[in-house]
Visitor: 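Questions regarding the structure given below will be posed in turn.
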Amino acid sequence: MTIEDLQKITKIQRRYLSAIEANDFDAMPSDYYTRTFIRQYAEAVGLNSRPLIRRFEGKPDEIYEQLPSATPVKGSRKEKHQKEAKKQTSFKSYLPVILLSLVVIAIIGTIIYAMRLDIASGPLVPKPEKTVVIGSSSDQSEESRSQSSTTETSKETKESSSKKADSENKFSITSDTTELVTYAGKNVSTPIKLDFTALEGPVWIGLQQSGTNAIYYQYTLQPGETISSVVPEEATGIDIIVGASNNLSVKVNNKELAFNKANPTTGKKIITINFDTTKENE
């Protein structure tokens, strides 16, 4: 090793290292520093420092001949402390990242758990115990088929007359919010036919008479699919519950209802239609 190498390892000034090698101990600050420098010098080059210090003190060193040599120590104590402090600082710097990762994992786990609960809870509107399908083009009951066949002639007559009378089958909005839109139907011809068409995505619909909570028909349309239903004759109003409002087109007696235009939503919406068939019945 050179004097420069020893200076870097022991952090002892070069002039003191040179004085030690030249046995010029008068150049040292004091005997205490001389012993300390000799010890650090010996440890850096892999020697046992105790016999060297005893020689400096003028004491015999024969009793130390059998002592094992000291294990070489690279660097000073200050350098060791700096390395240990650096390790502790490194762990502390990673601690916020570890805590943040745990928080993110907990949030993701909560979201997945909530999604599973939402899927397990079933559709937005619970399925009724009894369901009566009326007028579905895909699954029409025998009763509705017989009704449609018996009223086919009168229906064609009323459709032709409705084209001539502009005052029939008028629907006006009486209230409109994001979740509920209400229509007032004037001079609505009977039987009242509902046409539903799914647009760009699937959509769930449910039908119930106004003032009741019993869904008598429900169905999920696929994109491009169209179904029809006839409103019960005794009904003075009907509620159409829509699961995905932006994916549905609704027609009442071939009149399209722009129910999701003023206050559009992509979620659930209820369409309430109150029918006035007084003139038609007269």
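Numbers here simply count residues along the sequence, with the first being 1.
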Visitor: Using the test ring-ring contact (aromatic ring centres under 6.0 Å, His included), find all partners of Tyr16 that sit at least two apart in sequence or belong to another chain.
Guide: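 Residues passing ring-ring contact (aromatic ring centres under 6.0 Å, His included) with Tyr16: Phe37.
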Visitor: I want to check something: taking the side chain as every heavy atom from C-beta on, are Leu257 and Ile273 in contact at a cut-off of under 4.5 Å?
Guide: yes
Visitor: Given side chain to side chain contact (heavy atoms under 4.5 Å, CB included), test Asn253 with Ile192 step by step and report yes or no.
Guide: CA-CA 6 Å; Asn253 287 349; Ile192 303 171; 4.2 Å; yes
Visitor: So which pairs with a foot in residues 95-111 pass salt bridge (Lys or Arg N to Asp or Glu O under 4.0 Å), sequence neighbours left out?
Guide: none
Visitor: Tell me, please, which residues at least two apart from Thr265 pass side chain to side chain contact (heavy atoms under 4.5 Å, CB included).
Guide: Thr178, Ser245, Asn260, Lys269
Visitor: If you link ILVMFWY side chains whenever their heavy atoms are less than 4.5 Å apart, which other residues fall into the same cluster as Leu199? By chain and number, please.
Guide: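 None, because no other hydrophobic side chain comes under 4.5 Å of this residue.
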Visitor: If you apply the rule side chain to side chain contact (heavy atoms under 4.5 Å, CB included), what do you find for Val188 with Phe171, and how did you get there?
Guide: CA-CA 9 Å; Val188 182; Phe171 300 93; 4.0 Å; yes
Visitor: Quick check: closest heavy atoms across Gln222 and Ala198, and the distance to 0.1 Å?
Guide: O-CB, 3.0 Å
Visitor: Run the salt bridge (Lys or Arg N to Asp or Glu O under 4.0 Å) test against Arg15 and tell me which residues pass, sequence neighbours left out.
Guide: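 Scan of Arg15 (salt bridge (Lys or Arg N to Asp or Glu O under 4.0 Å), adjacent residues dropped) gives none.
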Visitor: Taking side chain to side chain contact (heavy atoms under 4.5 Å, CB included) as the definition, give me every residue that meets it alongside Ser175, ordered by chain and number, with sequence neighbours left out.
Guide: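 Residues passing side chain to side chain contact (heavy atoms under 4.5 Å, CB included) with Ser175: Thr182.
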Visitor: Look up atom OG in Ser249 and atom CD in Glu256, then write down how far apart they are to the nearest 0.5 Å.
Guide: 4.0 Å
Visitor: Any chance you could measure Thr2, atom OG1, to Glu4, atom CD, to the nearest 0.5 Å?
Guide: 4.5 Å
Visitor: Side chains of Leu99 and Val103: closer than 4.5 Å at any heavy-atom pair?
Guide: no
Visitor: To the nearest 0.5 Å, how far apart are CG in Leu102 and CD1 in Ile105?
Guide: 6.0 Å
Visitor: If you apply the rule side chain to side chain contact (heavy atoms under 4.5 Å, CB included), what do you find for Ile20 with Met28, and how did you get there?
Guide: CA-CA 9 Å; Ile20 291 174; Met28 297 295 176; 2.9 Å; yes
Visitor: Contact between Leu194 and Ile238 at the side-chain level, heavy atoms closer than 4.5 Å - yes or no?
Guide: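 Yes - at least one pair of side-chain heavy atoms lies under 4.5 Å apart.
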Visitor: As an exercise, state the distance from CD of Glu43 to CG of Asn48, rounded to the nearest 0.5 Å.
Guide: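 Rounded to the nearest 0.5 Å, the CD-CG separation comes to 9.5 Å.
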Visitor: Less than 4.5 Å apart, any side-chain heavy atom of Ile241 and any of Lys268?
Guide: yes
Visitor: For the pair Gln40 and Lys11, evaluate side chain to side chain contact (heavy atoms under 4.5 Å, CB included) and give the outcome as yes or no after the intermediate values.
Guide: CA-CA 9 Å; Gln40 292 181 355; Lys11 309 302 180 183; over 6 Å; no
Visitor: Working to the nearest 0.5 angstrom, can you tell me the gap between Met1 CE and Leu17 CG?
Guide: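 Answer rounded to 0.5 Å: 11.5 Å.
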Visitor: Excluding sequence neighbours, so at least two apart, what forms side-chain hydrogen bond (donor to acceptor under 3.5 Å, both in side chains) with Thr272?
Guide: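 So Thr272 forms a side-chain hydrogen bond (donor to acceptor under 3.5 Å, both in side chains) with Asp239.
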Visitor: Test: side-chain hydrogen bond (donor to acceptor under 3.5 Å, both in side chains). Region: residues 21-34. Which pairs qualify, not counting sequence neighbours?
Guide: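 Sorted pair list: Glu21-Tyr41.
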Visitor: For the residue pair Glu233 and Thr190, establish whether any side-chain heavy-atom pair is separated by less than 4.5 Å.
Guide: no
Visitor: Minimum heavy-atom separation for Ile215 to Gly206, with atom names?
Guide: CG2-CA, 4.3 Å
Visitor: For Thr36, check side-chain hydrogen bond (donor to acceptor under 3.5 Å, both in side chains) against everything at least two apart and list the hits.
Guide: none
Visitor: How close do Ala244 and Pro202 get, heavy atom to heavy atom, and via which atoms?
Guide: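 Scanning both residues, the minimum pair turns out to be CB-O, 4.1 Å.
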Visitor: Under 4.5 Å between any side-chain heavy atoms of Val203 and Phe196, yes or no?
Guide: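 No, their side chains stay 4.5 Å or more apart.
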Visitor: Glu200: what forms a salt bridge (Lys or Arg N to Asp or Glu O under 4.0 Å) with it, not counting sequence neighbours?
Guide: none
Visitor: Any side-chain heavy atom of Val45 sitting closer than 4.5 Å to one from Leu6?
Guide: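 Yes, their side chains come closer than 4.5 Å.
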Visitor: Could you list the residues that satisfy side-chain hydrogen bond (donor to acceptor under 3.5 Å, both in side chains) with Thr197, not counting sequence neighbours?
Guide: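 Applying side-chain hydrogen bond (donor to acceptor under 3.5 Å, both in side chains) to Thr197 gives Thr226.
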Visitor: Does Tyr183 reach the side chain of Thr174, with side-chain heavy atoms less than 4.5 Å apart?
Guide: no
Visitor: Using side-chain hydrogen bond (donor to acceptor under 3.5 Å, both in side chains) as the criterion, list what pairs up with Thr266, not counting sequence neighbours.
Guide: none
Visitor: Would you compute the distance between atom CZ of Arg35 and atom CZ of Arg39 and round it to the nearest 0.5 angstrom?
Guide: 9.0 Å
